[in-house]
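Every chain is numbered from 1, with letters handed out A, B, ... down the list of sequences.
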Amino acid sequence: MRKPIEIKKYSMMNIFKTNRTIVDWLAGRAAELYDVDVVPDVFEPESLDFGDWTTNLPFQLARVARKSPADIATEIVDAELPKNISSAEVAGAGYINFRISKDALAGMVLSIISEPDRWGFSSPEKNVKIQVEFVSANPTGPMNIVSARAAAVGSTIANALRTAGYDVSTEFYLNDAGNQIRLLGESFLARIEQLRGKSAEIPEGGYFGEYLLDYAREYLSSGASENPQEWILKKITSEQKSVLKKFNTEFDVWFSEREFRSSGKVEEVLSRLRDGEHTYIKDGAEWFAASKIADDVEDFVLVKSDGEWAYGLVDIAYHINKFEERGFDIVYTILGPDHHGHRARLETAMKALGHPDKLKVLILQQVNLIENGEKIKMSKRAGKIITMTELIDDVGVDAARYFFLARKMEAHLDFDLDLARNTSDENPVYYIQYAYARIRSIIEFAQNKGFDVDEIVQADLSLLQHPEEHFLIRKIYKYPYTIEKTARNLQPHIIPFYLYDLAKLFHDFYTKHRVVDENEKGLSVARLALIDAVAITIKNGLKICGISAPDKM
RNA sequence: GCGCCCGUAGCUCAGCCUGGAUAGAGCAACGGACUUCUAAUCCGUAGGUCGCAGGUUCGAAUCCUGCCGGGCGCGCCA
């Protein structure tokens, strides 16, 4: 166990505060020197060689100040620097590169190792309620690999948002009503009849997959007395739950469409749309006049001519429920690529009903499985689909999640099965995990040599003088910023790339410098503190991704 | 036809939202490094008309327009 300790020499440094300090300082200098009011852009330089933060403000001031960016940069820098900043250096044609002081970075490292579970978590919390809905696969059969991708991406976004201080609820919308469920029930009944030796046909548009036959056998042999249609629905749903859980994806709420349909909300929403004169009758059906609200959205049916609610209507009401009954400030709904037409419809409807700009529908692109360099062709009809369960059993949870995450979600993903299966150096997920395992191993070695935790947590980090050590510290410093960026941009792929870079810096450091050296106790302790902070960062980052951090490999 | 996404090194991709420093990784190729804490590692070499053409700008892989190529979607299905 780690003992909480009092850090006397240094105070906790807040990365966002530091960035903010630089912004304010620059704005002040610009006002003072050139009498202009600007909000300077302070961002990460492309390389750590250029410092910790950089600004291109001099370029922006060039016209107003009628001077070259380089001269402006020189003038700006000629003043007392803000807190925690040790240098501001003019570089290139007019950049200013800032470096965080070593004292401040040392304080950060010590605070990480004394409170590892808090590292990366934003405080204070933001007072915003966010819902993330994802997967929401129909409970009509085994989940496919797009659901697996959605699970990895959705859960990571939710984890990142939570870490960044938002109040997050994850939700799976259970489509347990409607036409498809009826067809599922009928298909299942037909399979049962077939097993009983009677002739029964699976209905048109029904589910022909072998799995229903297997379930039918299970149903009959279990002697269940429950209505088969209810039984199969529960069966498939519970299978989905358990696969998702195995995939490190858990939902706070499983929201039943069937229950929702009887809540009265659909009727209410429909009548509000009518009152707002957003609907009209055509061909015996009732339509939503979406094109009147947004130019590029076509009208669509709310109530079918047979009097049944269309899917679109129920989904609109469902999303209204999220805002009105449950008070979410922001809702992210992740949908598959075949739903992109639905996105504009939903967002238009939210606008019509008084909730503009609160719903963001994210479209997750498709997945192609690649084996032996070729695309695996999948066909539902031929029963040749690869299920989420098979994928997990094949490549493992960690590798699968890594490959799903290490790609922008709006891009198509070619999932290389051979590479994901590969447990060698070609597989980047092991590269990151290996860095962690190496560190655990070194720390264990050190403890066996008599170093203890109390010493490490009071290390004198000024003993760290090599560039490899400083690159590591400064990369760690960027971790909370990386999480914040992920949450703000909803781009989970940022985290795996960051962790890979961090692991690379560690491996480089490891090769050049020995950590445990009994003749250099102080230095060893400082390095142990450093690598412990690296390990904590990797572990916390992997946890957000739902990927494990094994102590040994 | 309309809409969404993609096009950056031989391959797989970052970088684009928010324009600026020599366009970055990994894999594959070639050459090196283990008596010392895990070689699932490290170092080096080589590899690019950023799909094409215009435009905006002091400055474009990044923003705008038009093309070309690839994927997907356009139901009173959900």
Taking the [atom1] atom in each of [N] and [M], what is the distance between them to the nearest angstrom?
N	M	atom1	value
rU65(B)	rC4(B)	P	11 Å
rG15(B)	rA23(B)	C1'	8 Å
rC50(B)	rG3(B)	C1'	26 Å
rA14(B)	rG7(B)	C1'	15 Å
rU45(B)	rC6(B)	P	34 Å
rG51(B)	rA60(B)	P	16 Å

Strictly by Watson-Crick or wobble contacts shorter than 3.5 Å, is anything paired with [N], and which nucleotide is it?
N	answer
rA53(B)	rU65(B)
rA29(B)	rU45(B)
rU18(B)	none
rU38(B)	none
rA23(B)	none
rC2(B)	rG73(B)

Quiz prompt | Pairwise distance CD(E469(A)) to CG(L530(A)) - rounded to 0.5 angstrom | solution = 6.5 Å

Self-check item: Rounded distance (nearest 0.5 Å) linking atom CG of L417(A) with atom CD of E371(A)
Solution: 5.0 Å

So, does [X] get its side chain near the phosphate of [N], meaning an N or O under 4.0 Å from OP1 or OP2?
X	N	answer
K504(A)	rG26(B)	yes
Y311(A)	rA78(B)	no
H493(A)	rG15(B)	yes
R488(A)	rC17(B)	no
K282(A)	rC76(B)	no
K304(A)	rA78(B)	yes
S305(A)	rC76(B)	no
Y431(A)	rC42(B)	yes

Quiz prompt | salt bridge (Lys or Arg N to Asp or Glu O under 4.0 Å) evaluation trace for K351(A) with E347(A) | solution = CA-CA 6 Å; K351(A) 202 171 173 183; E347(A) 289 177 352; over 6 Å; no

Does [X] reach a base, just sugar-phosphate, or nothing at all? Heavy atoms under 4.0 Å.
X	value
Y510(A)	base
N448(A)	nothing
A285(A)	base
N138(A)	sugar-phosphate

Quiz item: Do the side-chain N and O atoms of H513(A) and E468(A) include a donor-acceptor pair separated by under 3.5 angstrom?
Solution: yes

Under 3.5 Å, is there an N or O donor on one side and an acceptor on the other linking the side chain of [X] and the base of [N]?
X	N	answer
N97(A)	rA21(B)	yes
T511(A)	rC42(B)	no
T54(A)	rA21(B)	yes

Self-check item: Ring-on-base stacking rA21(B) with Y95(A) (under 5.5 Å, under 30°)
Solution: yes

Quiz item: Are Y500(A) and rA25(B) stacked, counting the six-membered base ring, centres under 5.5 Å, planes under 30°?
Solution: no

Nearest-Å distance for atom pair [atom1]/[atom2], residues [X] and [N]:
X	N	atom1	atom2	value
R182(A)	rA78(B)	CZ	P	10 Å
D41(A)	rG20(B)	CG	P	10 Å
R440(A)	rC37(B)	CZ	P	18 Å
F509(A)	rC42(B)	CZ	C1'	14 Å
R345(A)	rC77(B)	CZ	C1'	11 Å
F497(A)	rU12(B)	CZ	P	14 Å
H513(A)	rC37(B)	NE2	P	17 Å
I442(A)	rU38(B)	CD1	P	7 Å

Quiz item: Does rC64(B) adopt a syn or an anti glycosidic conformation, taking syn as a chi angle within 90° of 0?
Solution: anti

[options]: which one has an atom nearest the side-chain heavy atoms of [X]?
X	options	result
D283(A)	rC76(B), rU38(B), rC77(B)	rC76(B)
R514(A)	rC13(B), rC42(B), rU36(B)	rU36(B)
R438(A)	rA21(B), rC76(B), rA39(B)	rA39(B)
Q366(A)	rC76(B), rC72(B), rU12(B)	rC72(B)
Q180(A)	rA78(B), rU38(B), rA14(B)	rA78(B)
V516(A)	rC37(B), rA78(B), rC43(B)	rC37(B)

[Y]/[X] salt bridge by N-O under 4.0 Å criterion:
X	Y	result
D418(A)	R421(A)	yes
K504(A)	D508(A)	no
R440(A)	E444(A)	no

Quiz item: With a cut-off of under 6.0 Å to the ring centre and 45° to the axis, is K521(A) in cation-pi contact with F451(A)?
Solution: yes

Quiz prompt | Ring-face cation of R438(A) near Y510(A) (centre distance under 6.0 Å, axis angle within 45°) | solution = yes

Practice problem: On RNA chain B, check which nucleotide each of E46(A) and K552(A) is closest to and give me the residue with the more 5' one. | Solution: E46(A)

Quiz item: Taking the nucleotide of RNA chain B with the closest heavy atom to each, which residue, N489(A) or D338(A), is nearer the 5' end?
Solution: N489(A)

Between N or O atoms, less than 3.5 Å apart, protein on one side and nucleotides 4-10 of chain B on the other: list the pairs.
from, atom 1, to, atom 2, distance (Å)
rC5(B), O2', E410(A), O, 2.5

Quiz item: How about H466(A) and F509(A): are their ring centres within less than 6.0 Å of each other?
Solution: no

Quiz item: Listed by chain and number, what are the ring pair (Phe, Tyr, Trp, His ring centres under 6.0 Å) partners of H470(A), not counting sequence neighbours?
Solution: none

Practice problem: Could you walk me through whether N175(A) and E257(A) pass side-chain hydrogen bond (donor to acceptor under 3.5 Å, both in side chains), step by step? | Solution: CA-CA 5 Å; N175(A) 302 110; E257(A) 176 183 355; 3.3 Å; yes

